[in-house]
Asks: 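Would you mind keeping the following structure in view while I ask a few things?
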Amino acid sequence: MCQNHGVAYIKPGQVEIQEIEYPKLALGDRKCEHGVILKIVSTNICGSDQHMVRGRTTAPAGLVLGHEITGIVIEAGRDVEFIKVGDLVSVPFNIACGRCRNCKEGKTGICLNVNPSRPGAAYGYVDMGGWVGGQAEYVMVPYADFNLLKFPDKDQGMAYIKDLTLLSDIFPTGYHGAVTAGVGPGSIVYVAGAGPVGLACAASCHLLGAAVVIVGDMIPERLAQAASFGCEVIDLTKDTPLEQAIAEIIGVPEVDCFVDCVGFEARGHGAHAAEERPATVLNTAMAVTRAGGAIGIPGLYVTGDPGARDSAAKEGSLSIRIGLGWAKSHSFYTGQCPVMKYHRNLMNAILYDKIKIAKAVNVEVITLQDAPRGYEDFDKGAAKKFVIDPHGMIV
Ligand SMILES: NC(=O)c1ccc[n+]([C@@H]2O[C@H](COP(=O)([O-])OP(=O)(O)OC[C@H]3O[C@@H](n4cnc5c(N)ncnc54)[C@H](O)[C@@H]3O)[C@@H](O)[C@H]2O)c1
Ligand SMILES: [Zn+2]
Ligand SMILES: [Zn+2]
């Protein structure tokens with residue numbers, strides 16, 4: 001009998017490594033013939049996991065976490081035709097059936113068949129369909145032919161694993177934020193947030209040819225990380241209004257494109273930088289984006305937030321000055337990133353050395369036993385992306 005261990009959410013501020021069930025190729029009582037079992041090579045800790053671990057969701061105790069998974073196929077169901085045992089594959093964090101109306105339109109973040117309670121599913125995430133998470137040694141992946149991206153060469157894949165591990169979520173997510181904000185050659189962009197998603201977005205903006213990429217945050221180490229690959233940075237703990245800080249860099253108080261890589265746990269600016277003000281980023285987006293510009297919003301906003309300070313925010317209602325965005329004809333782009341739309345091309349950008357994404361987000365590889373420390377350091381604002389190596393295959 002094979003063993004399996006995973007990272008379980010226990011209570012706010014606490015995760016634990018537990019012995020968990022070895023995955024079965026099953027969906028309830030039915031054999032999952034379109035699924036595979038993976039031996040996990042790398043699995044990353046995400047800012048989205050932190051929302052749960054900070055007690056800001058209704059995640060139940062015992063939930064096995066982890067939606068950023070890369071692994072080797074060790075067992076495949078009868079109906080898996082093209083993915084083979086032995087393949088090294090990246091798993092998009094969105095679980096998608098490949099058969100519904102949304103999947104057919106490429107909107108795999110809101111697949112209609114993988115979560116009984118709402119469109120869209122993910123591994124190891126509250127309200128996302130109850131799929132077992134992959135911060136573990138082994139995991140089951142359904143609809144394998146549709147979901148998985150096979151790396152062309154296993155040895156090359158392992159040589160680039162610190163970069164390729166980011167294809168399951170934050171690289172495509174940051175890139176999607178940039179694309180939906182309209183970033184292209186010569187764009188002037190503001191990226192709110194210098195966490196891993198913000199840094200991946202900033203690096204993606206450079207890949208897309210942006211002229212200036214400005215990153216704002218309150219954490220000096222994260223801003224230094226953004227500056228290390230050519231971004232301009234704004235320290236939001238300072239009292240200078242954002243418009244003015246932008247004008248000091250580019251001469252005008254407006255940008256072409258704005259990407260919110262923060263989400264609902266946003267803090268205020270200046271004197272309010274230590275306070276949570278969930279509408280701050282969305283309102284500043286409308287203030288500093290040029291008329292006709294677009295605003296990409298990969299940062300997560302929720303339908304329920306038990307930890308919110310006021311009753312409206314507890315239900316996900318924020319005080320947004322939508323009239324300003326309307327008057328400036330802004331476009332807003334929300335939702336989970338449909339990873340599959342981008343992962344193959346971004347894989348090639350990595351394999352052909354067009355981007356050093358692991359360096360941009362500062363990957364640190366840790367063991368599964370060290371995951372609780374990774375969660376703690378990440379929560380304290382470490383300028384790092386923690387990648388768990390459950391079988392010691394990377395270091
Ligand atoms: N849409 C998707 O598919 C998707 C995928 C992955 C992550 N996410 C979400 O993206 C967000 C970022 O993820 P992450 O891993 O980088 O998280 P993170 O928590 O590490 O980063 C958030 C950063 O925002 C900063 N911040 C707080 N208030 C700010 C403000 N007003 N202006 C600018 N910066 C501010 C924080 O200091 C922090 O550095 C999270 O909400 C996460 O859930 C979404
Ligand atoms: Zn993630
Ligand atoms: Zn679907």
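Atoms within each ligand, like the ligands themselves, are counted from 1 in listed order.
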Asks: So, for His391 and Tyr138, is the gap between ring centers shorter than 6.0 Å?
Replies: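 They qualify: ring centres under 6.0 Å apart.
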
Asks: Please confirm whether Ile219 comes under 4.0 Å of ligand 1, counting heavy atoms of the residue only.
Replies: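 Right, Ile219 reaches ligand 1.
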
Asks: Is there a polar contact between ligand 1 and Leu236, counting only N or O atoms under 3.5 Å apart?
Replies: no

Asks: When only distance counts, is Pro298 in polar contact with ligand 1, meaning an N/O pair under 3.5 Å?
Replies: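 Among all N and O atoms of Pro298, at least one is under 3.5 Å from an N or O of ligand 1.
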
Asks: Going by heavy-atom distance to atom 12 (C) of ligand 1, choose the closest among Gly174, Gly195, Cys261.
Replies: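 Nearest option to atom 12 (C) of ligand 1, by heavy atoms: Cys261.
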
Asks: To the nearest 0.5 Å, what is the distance between OG1 on Thr303 and NZ on Lys314?
Replies: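 One finds 14.5 Å between OG1 of Thr303 and NZ of Lys314.
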
Asks: Which of the atoms in ligand 1, numbered in the order shown and given with their element, are less than 4.0 Å from a heavy-atom of Phe378?
Replies: 15 (O), 20 (O)

Asks: Verify whether one side chain among His272 and Arg267 offers a donor that lies under 3.5 Å from an acceptor in the other.
Replies: no

Asks: Using heavy atoms and a threshold below 4.0 Å, how should the contact between Phe264 and ligand 1 be classified: side chain, backbone, both, or neither?
Replies: neither

Asks: Check this for me - ligand 1, Ala194, N or O atoms closer than 3.5 angstrom, yes or no?
Replies: no

Asks: For a quick check under 3.5 Å, do Asp49 and Gln135 share a side-chain donor-acceptor pair by atom type?
Replies: yes

Asks: Examine distances only and state if a side-chain atom of Asp87 and a backbone atom of Lys150 form a donor-acceptor pair shorter than 3.5 Å.
Replies: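 Side chain of Asp87 to backbone of Lys150: no pair is present.
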
Asks: Walk me through it: do Lys24 and Glu21 pass the test salt bridge (Lys or Arg N to Asp or Glu O under 4.0 Å)?
Replies: CA-CA 9 Å; Lys24 287 192 196 78; Glu21 212 180 317; 2.5 Å; yes

Asks: Does only the side chain of Val197 get under 4.0 Å from ligand 1, or the backbone, or both, or neither? Count heavy atoms.
Replies: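 Both parts.
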
Asks: First locate atom CD1 of Ile20, then atom CD of Gln18, and finally report the distance between them rounded to the nearest 0.5 Å.
Replies: 8.5 Å

Asks: Between Tyr301 and Phe264 (judged by ring centroids, cut-off 6.0 Å), do the two rings come close enough to count as a pair?
Replies: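 No.
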
Asks: To check your reading of the model: name the closest protein heavy atom to atom 10 (O) of ligand 1, its residue, and the distance in Å.
Replies: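 Answer for atom 10 (O) of ligand 1: Gly299 CA, 3.7 Å.
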
Asks: Count the heavy atoms of every other residue, nucleotide or ligand shown that sit under 6.0 Å from CD of Gln14, and state whether that count exceeds 12.
Replies: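 Counting neighbours around CD of Gln14, more than 12 heavy atoms of other residues, nucleotides or ligands fall under 6.0 Å, so yes.
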
Asks: Counting both backbone and side chain atoms, is some N or O of Leu300 under 3.5 Å from an N or O of ligand 1?
Replies: yes

Asks: Heavy-atom contacts with Phe93 under 4.0 Å: which atoms of ligand 1 show up? List them by number with element.
Replies: 3 (O)

Asks: Considering only heavy atoms of Gln336, which atoms of ligand 1 have at least one such atom less than 4.0 Å away?
Replies: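 Counting atoms of ligand 1 from 1, those under 4.0 Å from Gln336 are 1 (N), 2 (C), 3 (O).
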
Asks: Of Met218, His51, Arg54, Gln50, which has the heavy atom at the shortest distance from atom 19 (O) of ligand 1?
Replies: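 Selected option, by shortest heavy-atom distance: Arg54.
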
Asks: Please work out which of the three classes, parallel, tilted or perpendicular, describes the rings of Tyr125 and His67, given edges at 30° and 60°.
Replies: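 Perpendicular: the ring planes of His67 and Tyr125 meet at over 60°.
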
Asks: Is the distance from the ring center of His176 to that of Tyr333 below 6.0 Å?
Replies: yes

Asks: Considering the heavy atoms of Gly47, write down every atom of ligand 1 situated less than 4.0 Å from one of them.
Replies: 14 (P), 15 (O), 17 (O)

Asks: Assess, by modelled atom type and distance only, whether the side chains of Glu19 and Gln3 contain a donor and an acceptor separated by less than 3.5 Å.
Replies: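 The answer is yes; a qualifying pair exists.
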
Asks: Any idea which of Val262, Leu282, Leu199, Ile297 brings a heavy atom closest to atom 26 (N) of ligand 1?
Replies: Val262

Asks: Which protein N, O or S atoms lie under 2.8 Å from the Zn ion (ligand 2), given by chain and residue number?
Replies: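 Short answer, with waters excluded from the count: Cys46 SG, His67 NE2, Glu68 OE2, Asp169 OD2.
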
Asks: For Ala382, is there any backbone N or O sitting under 3.5 Å from a side-chain donor or acceptor partner on Arg222?
Replies: yes

Asks: Output yes when the distance from some N or O of ligand 1 to some N or O of Gly268 is under 3.5 Å, and no in every other case.
Replies: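 No, there is no polar N/O contact under 3.5 Å.
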
Asks: Does any N or O of ligand 1 fall below 3.5 Å from an N or O anywhere on Ser48, backbone included?
Replies: yes

Asks: To the nearest 10 degrees, how large is the angle at the Zn ion (ligand 3) between Cys100 SG and Cys103 SG?
Replies: 110°

Asks: Within ligand 1, which atoms have a heavy atom of Val281 less than 4.0 Å away?
Replies: 30 (C), 31 (N), 32 (N)

Asks: Is the shortest N/O to N/O distance between Gly335 and ligand 1 below 3.5 Å?
Replies: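 Gly335 vs ligand 1: N/O contact under 3.5 Å present.
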
Asks: Polar-atom distance check: Thr280 versus ligand 1, any N or O pair below 3.5 Å?
Replies: no

Asks: Using a 6.0 Å cut-off, check whether atom CZ of Arg101 has over 12 heavy atoms from anything other than its own residue.
Replies: no

Asks: Hey, are Asn102 and Thr108 close enough side-chain-wise for a donor-acceptor pair under 3.5 Å?
Replies: no

Asks: Is a donor on one side and an acceptor on the other found under 3.5 Å between the side chain of Asn283 and the backbone of Arg321?
Replies: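 Answer holds: yes.
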
Asks: Looking at ligand 1, does any of its N/O atoms fall within less than 3.5 Å of an N/O of Ala192?
Replies: no

Asks: Would you say the side chain of Tyr123 lies within less than 4.5 Å of the side chain of Val64, judging by non-hydrogen atoms?
Replies: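 Counting from C-beta outward, Val64 and Tyr123 never come under 4.5 Å.
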
Asks: Does the N or O separation between Arg222 and ligand 1 drop below 3.5 Å for any pair?
Replies: yes

Asks: Quick check on Lys359: does its NZ atom have over 12 non-hydrogen neighbours (other residues, nucleotides or ligands) under 6.0 Å away?
Replies: no

Asks: Using a strict cut-off of 4.0 Å, indicate which atoms of ligand 1 neighbour a heavy atom of His269.
Replies: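 Result: 31 (N).
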
Asks: Is the shortest side-chain N to carboxylate O distance from Lys384 to Glu364 below 4.0 Å?
Replies: yes

Asks: Suppose I only count heavy atoms of Asp169 and a 4.0 Å limit; which atoms of ligand 1 are within that range?
Replies: 5 (C), 6 (C)

Asks: Distance under 4.0 Å to a non-hydrogen atom of Cys337: what atoms of ligand 1 satisfy this?
Replies: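 The list of qualifying atoms is 1 (N), 2 (C), 3 (O).
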
Asks: Using the Zn ion (ligand 3) as the vertex, how large is the angle between SG of Cys111 and SG of Cys97, rounded to 10 degrees?
Replies: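 Between SG of Cys111 and SG of Cys97, at the Zn ion (ligand 3), the angle is about 100°.
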
